[in-house]
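What's counted below: heavy atoms across the whole structure, side chains too, no hydrogens, waters or symmetry copies. All figures in this text were calculated on a predicted structure; none of them were measured in a lab. Residue indices begin at 1 and follow the sequence shown.
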Amino acid sequence: MTILACFTDSPEGRTAVRRAVEEAGRLDSDVLIANIDTDRRELSLAELDIDPASFSSGGRTVAVLPPSSVIHDAADLVLQTEQERKVALIVLGLRRRSRVGKLILGSHAQRILLDAGCPVLTVKAN
């Protein structure tokens, strides 16, 4: 079973990664991290404060999804990864937005919530 964490360089994104790691320990699952931030740069586990040794000792894995040169939409990246890797849970950080902000800007989170074929756990930053 794999848990997909959606990372953005924000408190919400970091909370989503931390929660995915917690859920992976509880559910004895692997973790896959997708950078859905606008820069889509390559991430390292050290940058995310994740010790891969803690995963490998339990027979589990943790990995960062490499940046895609083909998929440019964050929601498409998450949904395609969910289907290809048979993800069991998506963890997504949400932030509060005004009604106008929701109307003007598209919402990747909304598309993921509506179109995902697996449960989506949403978290807020503390």
Mind running salt bridge (charged side-chain N to carboxylate O under 4.0 Å, His left out) on R19 and E23 for me, showing each step along the way?
CA-CA 6 Å; R19 183 63 185 264; E23 290 296 317; 3.1 Å; yes
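Atom SG of residue C6 and atom CG of residue L32 lie 9.5 Å apart, to the nearest 0.5 angstrom. From E12, atom CD reaches atom NZ of K124 across 10.0 Å, with rounding to the nearest 0.5 Å. Atom OG1 in T15 sits 9.5 Å away from atom CD in E22 (nearest 0.5 Å). Note that the CD1 atom of I90 and the CG atom of L113 stand 8.5 Å from one another [nearest 0.5 Å]. Rounding to the nearest 0.5 Å places CZ of R95 at 14.5 Å from OG1 of T122. The CG atom of L92 sits 13.5 Å away from the CZ atom of F7 when rounded to the nearest 0.5 Å.
Taking all atoms of both residues into account, the shortest heavy-atom contact from V31 to A20 is CG2-O, 3.9 Å. The shortest heavy-atom contact between A88 and C118 is O-CB, 3.7 Å.
At distances below 3.5 Å, at least one donor-acceptor pair connects side-chain atoms of D51 with backbone N or O atoms of A53. A donor-acceptor contact shorter than 3.5 Å links the side chain of D30 to the backbone of T61.
If you chain together hydrophobic residues whose side chains sit under 4.5 Å apart, L79 and I71 never meet in one group.
The shortest distance between side-chain heavy atoms of V87 and V78 does not fall below 4.5 Å. Between R18 and V21, the closest side-chain pair of non-hydrogen atoms is not below 4.5 Å. Under the 4.5 Å side-chain criterion, counting only non-hydrogen atoms from C-beta, L48 is in contact with R14. Side-chain contact between I36 and H108: absent, with no pair of heavy atoms (C-beta onward) separated by less than 4.5 Å. No side-chain heavy atom of V64 sits under 4.5 Å from any side-chain heavy atom of S44. Contact check for I33 versus I50: side-chain heavy atoms found under the 4.5 Å cut-off. By the 4.5 Å heavy-atom criterion applied to side chains, R85 and L65 are counted as neighbours.
Under the side-chain hydrogen bond (donor to acceptor under 3.5 Å, both in side chains) criterion, T8 pairs with S10, sequence neighbours left out. Listed by chain and number, the residues in a side-chain hydrogen bond (donor to acceptor under 3.5 Å, both in side chains) with R60 amount to none (sequence neighbours excluded).
As a member of the Ile/Leu/Val/Met/Phe/Trp/Tyr network built from side-chain separations under 4.5 Å, L121 groups with M1, I3, L27, L89, V91, V123.
Remark: of the listed residues T2, L4, D76, L4 is the sole one forming a side chain to side chain contact (heavy atoms under 4.5 Å, CB included) with T81.
Enclosure of atom CD in E47 by more than 12 non-hydrogen atoms of other residues, nucleotides or ligands within 6.0 angstrom is indicated.
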